[in-house]
A.B. asks: 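This structure is in structure tokens; I'll ask about it shortly.
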2 protein chains.
Amino acid sequence: MTGQTKPASYCTDRKWKGRADCSHCGIRRLMLFSELPEVSFAHLLKPIDNFVLVPGGILYEEGKGGEVVYSIRRGLVKLMHSKPSGEQRIVRLLGQGAVVGLELLDAGVPYQHTAMAVQPVDVCAIPVSTLRDLEAHHPELCDRIRQQLQYHVDRADHWIKTLNTGVARDRIAQLLLLLTELAPDRNGDIQLLPRDDMAAVVGMTPETASRIIADFRRRGLLAKIAPGTYRIEKQRLQRLCEANAGTE
Amino acid sequence: MTGQTKPASYCTDRKWKGRADCSHCGIRRLMLFSELPEVSFAHLLKPIDNFVLVPGGILYEEGKGGEVVYSIRRGLVKLMHSKPSGEQRIVRLLGQGAVVGLELLDAGVPYQHTAMAVQPVDVCAIPVSTLRDLEAHHPELCDRIRQQLQYHVDRADHWIKTLNTGVARDRIAQLLLLLTELAPDRNGDIQLLPRDDMAAVVGMTPETASRIIADFRRRGLLAKIAPGTYRIEKQRLQRLCEANAGTE
DNA sequence: CGGTAAATTGACTGCTCTCAATTTACGTGG
DNA sequence: CCACGTAAATTGAGAGCAGTCAATTTACCG
């Protein structure tokens, strides 16, 4: 139970990096366990595994049972709901510090979304039972979990307000601004999403998303830095969204 | 501190019904305190007040500080976000058993929405400090709060998927189905929302909402029972949403 | 019964979708 | 390193849906 043995769930789109060493985690201040004393990690019954996923890699699938939640150390994850018609609607984009799969804390409830990496992702898989054990001895963890859920609520509300309201152009602009918040590289540039993902985020067709992106590029609001990497004119995009009567 | 004195926040759209008597609450099984022993309510430092609000009455306003969360005993409440442009977007509709204002549990955070009654509402105002006190002695309350937040997350996700996706007609149909779930009267009939509210829920203009409702009435999917009260053809509306290629 | 607000309806514009053709990007194997 | 094949992105043309603005009708409160 203690050796560095690859877990059974190992597969091609998920690369195991080892057991997580929470007490030496470089970004623990951002994470779920930020307030826990180091000694608490010494005698966990189940291991916390650390994974890397390539874009397209699946963390978990809607409707399936499971026993781990994922804490995102790096990268960008999309949460999707599938509609009766079969198509997928993206309901959230999450980056560093977010925890996904917390719905499992209600006993018997399966994952509510399909969670997929849209950029290379580094996650820790925390067993629900471990969470419950730690919670029993550290009531402050309960607050951290509550804050995580509140974060999801706030994100969802902001999503409804900014990404699902108004004309197509403004919604795409808001999406670009969101990407700048969630997943900027060291220069503040962003990786654009595939057009179908953009469409599934804001609720339009990929063609319309493509037209708007092309238009933004022609107008210099968006400049290609490298394949997939773009620099955005943040302030001009913000003005674009707020003033709908602008002369832009 | 113990007598039946009207609280200072008394105002015209909010009618005080008295101190809540949680241990004899008729619908406690649905509420936040369902698992707490009756004795715990005996020595609360601050009172839990019981209010009734008429449609249009405000529970709290976005950005303002506060010290109580509201547990909905009866009626329908809308949560609104105001956009920079000034208009309001409705991000949630909540009925019996839901608790709103839980964002206050993060110290220093103001209310994130404006909460307004859309139908006559009966609520209990629970001081945040009371919640914290009870939580300290009853860890299971922490689970109830977590479940409440999870409920809000699930609702928000469902909102994005059903009310903010697809053509206008389907979204209005989904809204009618949601109202049937949240606030059916004893006959299963519903109170329609004002057209501006419908528009603010699904993200369209009041005119378009009106046209669709009028069309539903002409096609017999919706029948007026009394002023404001309508009977809906639930199954036909469901078919309408699911099969977009239907011959309806 | 009158006044105001809400809802309905019409005409027209314009945005977004649909379907299809074309171009570009990218991974694979020679 | 280049050529190729596939997938993604872009672009075009046309139709239909939803928005806008305005007029009219209906509902509701006092």
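Please read all numbers here as calculations on a predicted model, not as lab measurements. Just so it is clear: chains get the letters A, B, ... in the order the sequence lines come, proteins before strands, and each one is counted from 1.
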A.B. asks: For nucleotides 9-15 of chain C, print each protein N/O atom paired with a nucleotide N/O atom at under 3.5 Å, atom names and distance only.
C.D. replies:
unit_1	atom_1	unit_2	atom_2	d
C:dT9	OP2	B:Arg218	NH1	3.3
C:dG10	N7	B:Arg211	NH1	2.9
C:dG10	O6	B:Arg211	NH2	2.9
C:dA11	N6	B:Arg211	NH2	3.4

A.B. asks: Sequence neighbours left out, what passes salt bridge (charged side-chain N to carboxylate O under 4.0 Å, His left out) with A:Arg231? Give chain and number order.
C.D. replies: A:Asp189
A.B. asks: Kindly say whether B:Val123 contributes a backbone atom to a donor-acceptor pair with the side chain of B:Asn50 at under 3.5 angstrom?
C.D. replies: yes
A.B. asks: Please confirm whether the backbone N or O of A:Gly101 pairs with a side-chain atom of A:Tyr60, one donor and one acceptor, at under 3.5 Å?
C.D. replies: yes
A.B. asks: Does A:Gln88 reach the main-chain N or O of A:Met80 with its side chain, forming a donor-acceptor pair under 3.5 Å?
C.D. replies: no
A.B. asks: Considering residues at least two apart in sequence or located in another chain, which fulfil the side chain to side chain donor-acceptor pair (under 3.5 Å) criterion with B:Asp21?
C.D. replies: B:Ser23, B:His24
A.B. asks: As an exercise, state the distance from OG of B:Ser71 to CD1 of B:Ile27, rounded to the nearest 0.5 Å.
C.D. replies: 7.0 Å
A.B. asks: Determine the contact category for B:Pro206: base if any of its heavy atoms lies under 4.0 Å from a base atom, sugar-phosphate if only primed atoms, P, OP1 or OP2 are that close, otherwise nothing.
C.D. replies: nothing
A.B. asks: Taking salt bridge (charged side-chain N to carboxylate O under 4.0 Å, His left out) as the definition, give me every residue that meets it alongside B:Glu61, ordered by chain and number, with sequence neighbours left out.
C.D. replies: B:Lys64
A.B. asks: Can you list everything that forms a ring-ring contact (aromatic ring centres under 6.0 Å, His included) with A:His113? Sequence neighbours excluded, please.
C.D. replies: A:His81
A.B. asks: Indicate every side-chain donor-acceptor pair of residues 171-181 of chain A with a distance under 3.5 Å to a residue at least two apart or in another chain.
C.D. replies:
unit_1	atom_1	unit_2	atom_2	d
A:Arg171	NE	A:Leu163	O	3.3
A:Arg171	NE	A:Val202	O	3.1
A:Arg171	NH1	A:Gly166	O	2.7
A:Arg171	NH2	A:Val202	O	3.1
A:Arg171	NH2	A:Gly203	O	3.4
A:Thr180	OG1	A:Leu176	O	2.9
A:Glu181	OE1	A:Arg155	NH2	3.0

A.B. asks: Could you tell me whether the side chain of B:Glu62 and the main chain of B:Thr114 form a donor-acceptor pair under 3.5 Å?
C.D. replies: no
A.B. asks: Output yes when a side-chain donor or acceptor of A:Arg14 lies under 3.5 Å from a complementary backbone atom of A:Ile58, and no otherwise.
C.D. replies: yes
A.B. asks: Can you pull the contact range of chain A along DNA chain D, 5' to 3', using atoms under 4.0 angstrom from its heavy atoms?
C.D. replies: D:dA9 to D:dA13
A.B. asks: Does anything in residues 195-205 of chain B reach DNA chain D, meaning a heavy atom under 4.0 Å, and if so which residues?
C.D. replies: B:Met204, B:Thr205
A.B. asks: Ignoring hydrogens, what is the shortest heavy-atom contact between B:Gly97 and B:Gln148? Give both atom names and the distance.
C.D. replies: O-NE2, 3.0 Å
A.B. asks: Need the bend value for the helix from C:dC1-D:dG30 to C:dG30-D:dC1: angle between end axes, 5 pairs each end, nearest 10°.
C.D. replies: 50°
A.B. asks: Could you tell me the separation between the CG atom of A:Leu192 and the C1' atom of C:dT24, rounded to a whole number of Å?
C.D. replies: 15 Å
A.B. asks: Residues two or more places apart in sequence or in another chain: which of them pass salt bridge (charged side-chain N to carboxylate O under 4.0 Å, His left out) with B:Asp197?
C.D. replies: B:Lys78
A.B. asks: Please list, in numerical order, the residues of residues 81-90 of chain A that have a heavy atom closer than 4.0 Å to any atom of DNA chain D.
C.D. replies: none
A.B. asks: Under the rule for salt bridge (charged side-chain N to carboxylate O under 4.0 Å, His left out), what residues qualify as partners of A:Asp215, not counting sequence neighbours?
C.D. replies: A:Arg219
